[in-house]
Amino acid sequence: MKNTRLTLKSRPTGRFSPDHFDTVTEDLPELEDGKARVRVVYVSLDPAMRGWVSPDTRSYVPPVPIGDTMRALGIGVIEESKTDAYQMGDWVTGFVGWTEYLDIGPGQLNRVPASVAMEDYMGILGLAGATAYHGLVNEGQPKSGEVLCVTGAAGSVGSLVGQIGKALGLKVIGIAGTQEKCDWLVKDLGFDVALNYRTDNLPAELEKHAPEGIDIHFENVGGKPFAAALQNMKAHGRIIMCGFISVYNGEQPDAYPDMTAIVRKRLTLKGFVMTDHFDKYPAIFAELAKLMQSGHLKYRLDIAEGLQNAPEVINRLFDGTNKGKLVVKVSAR
Ligand SMILES: NC(=O)c1ccc[n+]([C@@H]2O[C@H](COP(=O)([O-])OP(=O)(O)OC[C@H]3O[C@@H](n4cnc5c(N)ncnc54)[C@H](OP(=O)(O)O)[C@@H]3O)[C@@H](O)[C@H]2O)c1
């Protein structure tokens, strides 16, 4: 039986391109004792992957080495097992990589119950859900009645941040890049306000909708939306720094924010990365499952077909053409 995987050939300086990867097709060896063989069903495409292929050795994870299978989260099914740790048919999640099959040892991937849709593990019960919940609730410490602003609001993380905020009794202002996304936020997800950073005057609109200022700002993109939020914070407000997608491809931020607001408004800025918080995932997923069951969380998955398309499809995160959590379907469930 053959396996195909994509290995990193060179490091992008701008956008991802298929030229940055080699396609390797090879015979699968006989499975070793003590291991289990996973058939990958979905791989997750995440903005952080752009950082993982940069040469920066001082980031929160080491760079993917040239020649290695591209690092990626995902979910798969155990097809063969020579260890008690995994049974045939188990669903497993974690770092699977851009590959059709991988052989794993005990503890390498997490077994997850097949009682919910497999797709939920790619979004609400995956990195996006954990990030949204941890960032807003644990880092942000929101209180009912406060005003929450979130950028990248129609994205995988941002759409959940806003809905969790609504469930906790906050006034939620989302900032996104198209009118269709803004309509979805207000009409389908129940955001109070959605602003289009391409067409709206953000500083003026934020002042109008948060006249006393923003209590909590959840930052996903950087650039002008961040600058506008910073300018409209309430005194002693909290800013949760989750991501800066506008600069991941090496572009300069399109507006340098007025940092004096941090002093004038006595703000708190907190950065966080979910790889520091694996211990909290079970508690977070239990809370998210409750919110799902009570109908508070809607979610959309944007599914592209075919592992070989991943290097091109991932760019949709950076041009905003993904509609929800972006994944690639590698094989049939
Ligand atoms: N700290 C952590 O542990 C952690 C974990 C997961 C994710 N994150 C971060 O969370 C952020 C969102 O990730 P995600 O997975 O949920 O992706 P996503 O929001 O589903 O997709 C990315 C979205 O970012 C927006 N975007 C892209 N370039 C932009 C730009 N130049 N200016 C403004 N918006 C831009 C686009 O939406 P528009 O159409 O609205 O422009 C695009 O759809 C990223 O910064 C990511 O790195 C952090």
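By convention here, the first residue in the shown sequence is residue 1. Numbering of ligands and ligand atoms starts at 1, following listing order. What you see is a predicted model; the values in this text were computed from it and never measured.
Scanning both residues, L160 and A132, for their nearest heavy atoms gives CB-CB, 3.6 Å. W91 and P113 get closest at one heavy-atom pair: CE3-O, 3.9 Å.
Of the protein's non-hydrogen atoms, the one nearest atom 7 (C) of ligand 1 is V157 CG2, 3.9 Å. With respect to atom 3 (O) of ligand 1, the closest heavy atom belonging to the protein is M274 N, 2.8 Å. When only non-hydrogen protein atoms are considered, atom 20 (O) of ligand 1 lies nearest to S156 N, 2.8 Å. When hydrogens are left out, the protein atom nearest atom 45 (O) of ligand 1 is N220 O, 2.8 Å; that is the closest non-hydrogen contact. For atom 13 (O) of ligand 1, the closest heavy atom belonging to the protein is P47 CG, 3.5 Å. Among protein heavy atoms, atom 36 (C) of ligand 1 sits closest to G320 CA, 3.6 Å. For atom 29 (C) of ligand 1, the closest non-hydrogen atom on the protein side is I245 CG2, 3.8 Å. Nearest protein neighbour of atom 28 (N) of ligand 1, counting heavy atoms only, is F318 O, 3.4 Å.
At under 3.5 Å, a nitrogen or oxygen of G177, whether backbone or side chain, sits near a nitrogen or oxygen of ligand 1. Geometrically, ligand 1 and G158 share no nitrogen or oxygen pair separated by less than 3.5 Å.
Within the structure, the closest approach of N322 to ligand 1 falls below 4.0 Å when heavy atoms are considered. Within the structure, ligand 1 has C242 among the residues with a heavy atom less than 4.0 angstrom away.
Closest heavy-atom approach to atom 23 (C) of ligand 1 among the candidates L185, V247, L317, T178: L317. In this comparison of K181, K323, E219, the heavy atom closest to atom 38 (P) of ligand 1 sits on K181.
Under a 4.0 Å criterion applied to the non-hydrogen atoms of F272, ligand 1 contributes the atoms 1 (N), 2 (C). Less than 4.0 angstrom separates some heavy atom of S246 from each of these atoms of ligand 1: 30 (C), 31 (N), 32 (N). For ligand 1 and F244, the ligand atoms under 4.0 Å from any heavy atom of the residue are 45 (O).
The part of Y248 lying near ligand 1 is the side chain, judged by heavy-atom distances below 4.0 Å. Under 4.0 Å from ligand 1, the heavy atoms of V221 that appear belong solely to its side chain. The part of Y197 lying near ligand 1 is the side chain, judged by heavy-atom distances below 4.0 Å. At a heavy-atom distance under 4.0 Å, only side-chain atoms of T131, from C-beta outward, approach ligand 1.
The environment of E212 atom CD is sparse: at most 12 non-hydrogen atoms of other residues, nucleotides or ligands sit within 6.0 angstrom.
In this pair, F285 and Y281 present their aromatic rings perpendicular. The plane angle is above 60°, beyond the 30 to 60° band.
Every residue meeting the side-chain hydrogen bond (donor to acceptor under 3.5 Å, both in side chains) condition with S331, not counting sequence neighbours, appears here in chain and number order: R39.
K325 and S44 form a side-chain donor-acceptor contact under 3.5 Å, judged by distance and modelled atom types alone. In the model, T25 has no side-chain atom that pairs as donor or acceptor with a side-chain atom of N3 under 3.5 Å. Between S54 and D56, the side chains place no donor N or O within less than 3.5 Å of an acceptor N or O (distance only, hydrogens not considered).
Y101 and I104 sit in two unconnected hydrophobic clusters of ILVMFWY residues. Membership requires side-chain heavy atoms under 4.5 Å apart, directly or through other members.
At least one side-chain heavy atom of H134 sits under 4.5 Å from a side-chain heavy atom of M274.
Annotation: Y121 is not in aromatic contact with Y42 [ring centroid separation under 6.0 Å not met].
Annotation: cation-pi pair R71/W98 absent, no NZ/CZ under 6.0 Å from the ring centroid and within 45° of its normal.
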